[in-house]
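All values derive from a computational prediction rather than experimental measurement. Naming: A, B, ... by sequence-line order, numbering from 1 per chain. FYI, side chains are in, hydrogens and waters are out, and symmetry mates aren't considered; it's all heavy atoms of this structure.
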Amino acid sequence: MIALVDCNNFYVSCERVFQPRLEGKPVGVMSNNDGCVVARSAEIKSLGVAMGMPAHQIDPHIRRQCILLSSNYALYGDMSRRVTDVLSQHTPHVDVYSIDESFLSFEGFEPETLTDRCQVMRRQVKRDTGIPVSVGLSTSKTLAKLANHRAKKESIFDGVAIMDPGSEDTRGYLQQLPVNEIWGVAGRSAARLHTLGIETAWQLREASPKHLRKHFSVVMERLVYELRGVDCIPLDDMAQPKKQIMVSRSFGRLTQNKTDLQEAVRVHAARAGEKLRKQAGLAQAIMVFVRTNRFRQDLPSHSKNVVIPLPHATCDSRDLIRAASAGLEQIFKEGIWYQKAGIMLMDLCDHDNEQLGLLAEPMSDEKRERNEKLMATLDKLNREHGKNTVRLGIPRKVNAWELRCEHRTPRYTTKWDELPNAIL
DNA sequence: TGGGGCAAT
DNA sequence: ATTGCCC
């Protein structure tokens, strides 16, 4: 059996742990740059604030009743780790799927005991971390996800729902469920399914996998089996090293300033290097891209990218920064109002599969070892003493590309000087 | 008016 | 290489 544990309104719940006065109020958390609403309390949902809605599009009358917070990823990341720690006490197989969702394998456990077991787990998460979670149980990840959805929606389940793939109850549920509510089926795919006469989850389950593979892809074929209760996506599938690594940010405000873009690209390249070293990989190319704000039709639009091959496969931030800066030189244009810059590491490989370019001279083992040691030390310092303890090149304190986050709460759990204050 | 990743084309 | 799609 597989359990999907999903935190309820996760970012909002994290904020409420440290600000209980937010309980019962319409609270939303916005994406980076205070752009869109990405987490909503039940109360703000019933005011009609939709998921992903741009904050500035909320009706001013509604907006006045809401509390909208900037994202506080330091807090959410730490709370997420605490939740995962509790889950790990209940089964050795925890696969973290996203910041607020984990798949747990309960293989070998008695299925009859699982609902009770998960109730205990759920209460412990609430008691130890303050975060409310819901649990869906079934034999495939897709059904576990649907069971989780029911655990949230139908109060009879008290937060833990189990779906037997062969039961009448499951059949009835799937028969009334529109395909677009299945995990992995959204607008476009749903519309195409409709043209094949498939409107409900049950019809998809009963369809021919081969037929669907022809019209869609292996992903949709798998989904049919998943709906039948056959688990097709192995847990460690998600722990595989990434094939590409991207770091990009919109700027806090538009900028024409080349220095802003240079700094942003350097910081992004360094961050990407960190991610790359974490998965013990090497990159063989890096792409740099810049673009204007697509929504500003009053300004000239401009979007450009360039791929820079790296002379040798590397995870050294200095190499990545150098290449990224060279790339920016090629695509930067004066007089353009830029909104976003980013880099993508491509052609990733591991240390054993490094291919030498035709013209590349192999680096001496001694030199390579010194470089690796330097990067390892850099990562360790930033890990143990907080990020930005050591950085390559020093960005200016005030710049246009720093994110907007005017309503961010304190980083209660990760910064000594932002601890919650118990003295009134 | 977000960020990240993958697979199909 | 680029685009579309998904969360």
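- Within 4.0 Å of A:V247, counting heavy atoms only, lie sugar-phosphate atoms of the nucleic acid but no base atom.
- With C:dT2, B:dG2, C:dC6 as the choices, the nucleotide that has an atom nearest any side-chain atom of A:N305 turns out to be C:dT2.
- At the phosphate of B:dT1, neither OP1 nor OP2 sits under 4.0 Å from any side-chain N or O atom of A:R296.
- Between A:Q203 and A:Q175, the side chains place no donor N or O within less than 3.5 Å of an acceptor N or O (distance only, hydrogens not considered).
- As judged by a 4.0 angstrom heavy-atom cut-off over every strand, A:S71 is placed among residues making no nucleic acid contact.
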Donor-acceptor list for residues 330-349 of chain A side chains, cut-off 3.5 Å, not counting sequence neighbours:
| unit_1 | atom_1 | unit_2 | atom_2 | d |
| --- | --- | --- | --- | --- |
| A:Y338 | OH | A:K333 | N | 2.9 |
| A:Y338 | OH | A:K333 | O | 3.4 |
| A:Q339 | OE1 | A:R291 | NH1 | 3.1 |

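- Side-chain atoms of A:S13 and A:N8 include no donor-acceptor pair closer than 3.5 Å.
- Residue contacts for A:N32: at a heavy-atom cut-off of 4.0 Å it reaches the sugar-phosphate backbone alone, with no base atom in range.
- No engagement by A:K145 is indicated, since no non-hydrogen atom pair under 4.0 Å with the nucleic acid exists.
- Taking the six-membered ring where the residue is Trp, A:Y76 and A:Y11 present parallel rings, their angle staying beneath 30° rather than reaching 60°.
- In terms of phosphate contacts, A:S250 brings a side-chain nitrogen or oxygen within less than 4.0 Å of OP1 or OP2 of B:dG3.
- Under the ring pair (Phe, Tyr, Trp, His ring centres under 6.0 Å) criterion, A:F289 pairs with no residue at all, not counting sequence neighbours.
- OP1 or OP2 of B:dT1 sits under 4.0 Å from a side-chain N or O of A:N293.
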What nitrogen or oxygen pairs link the protein and nucleotides 7-9 of chain B at under 3.5 Å?
| unit_1 | atom_1 | unit_2 | atom_2 | d |
| --- | --- | --- | --- | --- |
| B:dA7 | OP2 | A:K243 | NZ | 3.4 |

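- Not one side-chain nitrogen or oxygen of A:S31 sits closer than 4.0 Å to the OP1 or OP2 atom of B:dG3.
- Distance from the side chain of A:K242 is smallest for B:dC6 among the nucleotides B:dC6, B:dG3, B:dT1.
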